Amino acid sequence: MASEKSLVSISQYGKDKILSILDRAAQFEQNPNQKILDGKVVATLFFEPSTRTRLSFETAANRLGARVIGFSDASTSSTTKGETLKDTITIVANYADVIVMRHFIEGAARYASEISKVPIINAGDGANQHPTQTLLDLYSIRKTQGKLDNLKVAMVGDLKYGRTVHSLINALSHFNPTFKFISPKVLELPNAYKLFCDEKGIKYEETSELNEDAIADADILYMTRVQKERFTDLFEYEKVKNIYVLTNKLLEGTKDNLRILHPLPRVGEIADEVDQNPKAYYFQQAQNGLYARQAVICDLLGV
Ligand code: CP
């Protein structure tokens, strides 16, 4: 069974492991085209929609000389005939050397890793975890700030369902962060993550206001989308969907070194005008996903 060889949660990785992956990613940024995975097959199984994660994984594999199989829409797979996740993973593990999987059920990646004979990479499981997003986020933070330690990180938006937020809190816990959690009450960070911060001695504040004061001392402003697909009551979604919009005006009093990250897609929480602001870094962040994912694939394949 492959569970210990898989990446299902960023909590599997300590500080040294994270730093070694980031260093490897930096090497791939210098030279992304290396045929070191010649003969390998990477499967991408996406039971939920994706643009960046799937395409950057597939680009990562292609640029390293691997071949890619899989599906971007589970409705084209035998899942629609009633095939179980267990059977799907068992079959694909006979074809591929590593499986990248996104699934809408929390814990699906861990379950798959217990079945699969090849490594599973969690590309997002419901509202739970998105570990490779975290690695590219950390890469982006280190690249823009020159360090990971002792940063002030403001996280804004859907902190309840945002799996990228959950994974990033976990990983940054190695680097003595100070957090500001900015969300409406109905989307506040789950207690488990606040308890985690308490246990680690990590300082944090919570507020529902996104204003100049709230982000004045931030080094990183991590914006997130309100995730419509996680709401069981769309009336509740309508009440909060446009609650925050980041504008250039809001950024006027922020620190020079502030960089704005967003896992993307955005649906209005960052005004288009901000794209031209030198503090905007979300498009470069998405590009960094290629290098981080090249590093993760090679690490799990032992290359
Ligand atoms: N950040 C991220 O997971 O984007 P996609 O949903 O487009 O993969």
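One-based numbering along the sequence shown. Bear in mind the structure is a predicted one, so any value in this text is a computation, not a measurement. Atoms within each ligand, like the ligands themselves, are counted from 1 in listed order.
For ligand 1, the polar-atom distance check against R52 finds a nitrogen or oxygen pair separated by under 3.5 Å.
Residue contact check: P263 has heavy atoms under 4.0 Å from atoms 1 (N), 2 (C) of ligand 1. Less than 4.0 angstrom separates some heavy atom of T51 from each of these atoms of ligand 1: 5 (P), 7 (O), 8 (O). Near Q133, with a cut-off below 4.0 Å to any heavy atom, the atoms of ligand 1 are 1 (N), 2 (C).
Side chains of D272 and R266 form a contact here, defined as non-hydrogen atoms less than 4.5 Å apart.
Heavy atoms of E48 stay at 4.0 angstrom or farther from ligand 1.
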Query raised in the report: Can you check salt bridge (Lys or Arg N to Asp or Glu O under 4.0 Å) on R293 and E29, steps first, answer last?
Result: CA-CA 11 Å; R293 288 172 173 133; E29 181 170 7; over 6 Å; no

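Considering only non-hydrogen protein atoms, atom 6 (O) of ligand 1 sits nearest to R102 NH1, 2.9 Å.
No donor-acceptor contact under 3.5 angstrom links the side chains of N257 and K279, judged on distance only. Between the side chains of H262 and R225, no donor-acceptor pair of N or O atoms lies under 3.5 Å.
Annotation: Y237 is in aromatic contact with F231 [ring centroid separation under 6.0 Å]. Two rings, from F71 and F46, have their centers 6.0 Å or more apart.
Proximity of L264 to ligand 1, defined as any heavy-atom pair under 4.0 Å, is confined to the backbone N, CA, C and O atoms.
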